[in-house]
Amino acid sequence: MNRIVIKLGTGILTKGVGETDPEKIARMCAQIAEVRRRGIEVLVVSSGAIGMGMGILKMTRRPKTLAKQQACAAIGQSQLIQVWQDGFRPYGITVGQILLTHEGLALRDRYVNAKATIEQMLAYGVVPIINENDTISTYEIRFGNNDLLGAMVASLSDADQLQILSTAPGLVDLDGTGQTIPVVKAITPEVAAMAKDTNSPTAVGGMQSKIQAAQLATESGCTTYIASGAEENIVLRLLDGEEIGTRFEPVSAPIASKKRWLAYFQRPSGSLVIDDGAAKALTEKGRSLLAPGVVRSEGNFDRGDVVDVTNTAGIVVARGQSSLSSAEIAQLLADKTTPQNAEVIHRDSLALL
Ligand code: GLU
């Protein structure tokens, strides 16, 4: 265990609506300081900007429009970082602020920059406090909640463990036993169906986004916990292997680090439907995708754009960077003399899902 990401929901850092809770934050900082004493690096993905902004503006309900939420976030973010700085001061720990966007991380150079900055901050012994850059995110490109951001940070930073701490006790089997499920070995459609939504005035994520986040993180090889941040010493107890909340086990063969950007940080510009032979060559033999295996192409994309690769049953089997534009592929498909070796996606630019 070298590195953990702790994702904290707004409800864990505030009391009531938007009122900062310094005691809760102090307790969290004490735990994080102890984790670091054990030689484990910590990254914090902290919500609370919108919530704290609401508190400062004396709002009792989360505003509906994006501009109002963004304004709240801008007002609350500075307080949020201040609160973390104050909380870590007794331990001599320095924090640094990182604000990310979905769109930014989809660009390779920005993704690499974010990764390098995080590595350098950790090398300096700093705790990165990460949030979404709400000012410039729109509905279409918002993470929508920080659960997914937490998972992306865990994937990007090769973390060993992700703790998603909120007011939810874990994944609860509401239709069955009514109990929290202690261990999930694989996120099947049945597990995903157990996720129900939230009623909290500041929370946005709910269980669905937490399961989605757990999926991304576990596929990246990261053990993921969903647990109540209100439990005493939760971070350390989870680290010590105590069974609290729900633990999601990582997959046995996670997607290689360099291909995760392709798999999880992209919004594909189109898709390529491939035949069964090509699907087999890709998934079983690790081959590149060649033009004769492409049945049809959907959407408009340029060379280098990321596209979904879909089998004939409509299931996305891979995601990759196309060497050809959609117009070039259409031309190849119309031309029956397509050479067998015309490569559409090189195996190194293809992440199997
Ligand atoms: N970036 C948001 C915040 O810090 C995440 C949670 C939300 O959308 O309310 O407030």
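Quick note: numbers below take in every heavy atom, side chains included, and nothing from hydrogens, waters or symmetry partners. For ligands, and for the atoms within them, numbers begin at 1 and follow the listed sequence.
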### Query
Is L352 reachable from I345 through a run of I, L, V, M, F, W or Y residues, each pair having side-chain heavy atoms under 4.5 Å apart?
yes
### Task
Mark up the atoms of ligand 1 that fall under 4.0 Å of a heavy atom belonging to N131, in ascending order.
1 (N), 2 (C), 3 (C), 4 (O)
### Within 6.0 Å of NZ in K15, more than 12 heavy atoms from elsewhere
yes
### Task
State the atoms of ligand 1, each with its element, that fall below the 4.0 Å cut-off from a heavy-atom position in A49.
3 (C), 4 (O), 10 (O)
#### Entry: Under-4.0 Å heavy-atom contact with ligand 1, by part of Q77 that carries it
neither
### Message
Applying a strict under-4.5 Å side-chain criterion to I, L, V, M, F, W and Y, I'd like to know whether L8 and I211 cluster together.
### Response
no
### Query
Does the ring center of F265 lie less than 6.0 Å from the ring center of Y111?
yes
### Contact with ligand 1 for S47, non-hydrogen, under 4.0 angstrom
yes
### Query
When you measure from atom 7 (C) of ligand 1 to each heavy atom in E132, R62, M54, which option holds the nearest one?
R62
### Message
Starting from L100, can I reach L80 by hopping between I/L/V/M/F/W/Y residues whose side chains sit under 4.5 Å apart?
### Response
no
### Query
Should G48 be counted as touching ligand 1, given the test is an N or O pair under 3.5 Å?
yes
### Message
Are M1 and V44 linked, directly or through intermediate hydrophobic residues, by side-chain heavy-atom contacts shorter than 4.5 Å (ILVMFWY only)?
### Response
yes
### Query
Should N146 be listed as contacting ligand 1, given a heavy-atom distance under 4.0 Å as the test?
yes
### Query
Using a heavy-atom cut-off of under 4.0 Å, does the side chain or the backbone of D134 touch ligand 1, or both, or neither?
side chain
Which pairs would a plain distance check flag for residues 112-121, meaning a side-chain donor or acceptor within less than 3.5 Å of a matching protein atom at least two apart in sequence or in another chain?
{"residue": "N113", "atom": "ND2", "partner": "D109", "partner atom": "O", "Å": "3.2"}
{"residue": "K115", "atom": "NZ", "partner": "L156", "partner atom": "O", "Å": "2.9"}
{"residue": "T117", "atom": "OG1", "partner": "N113", "partner atom": "O", "Å": "2.8"}
{"residue": "E119", "atom": "OE1", "partner": "R3", "partner atom": "NH2", "Å": "2.9"}
{"residue": "E119", "atom": "OE2", "partner": "R3", "partner atom": "NH1", "Å": "2.8"}

### Query
How does I50 reach ligand 1, if at all, at less than 4.0 Å between non-hydrogen atoms: by side chain, backbone, both, or neither?
both
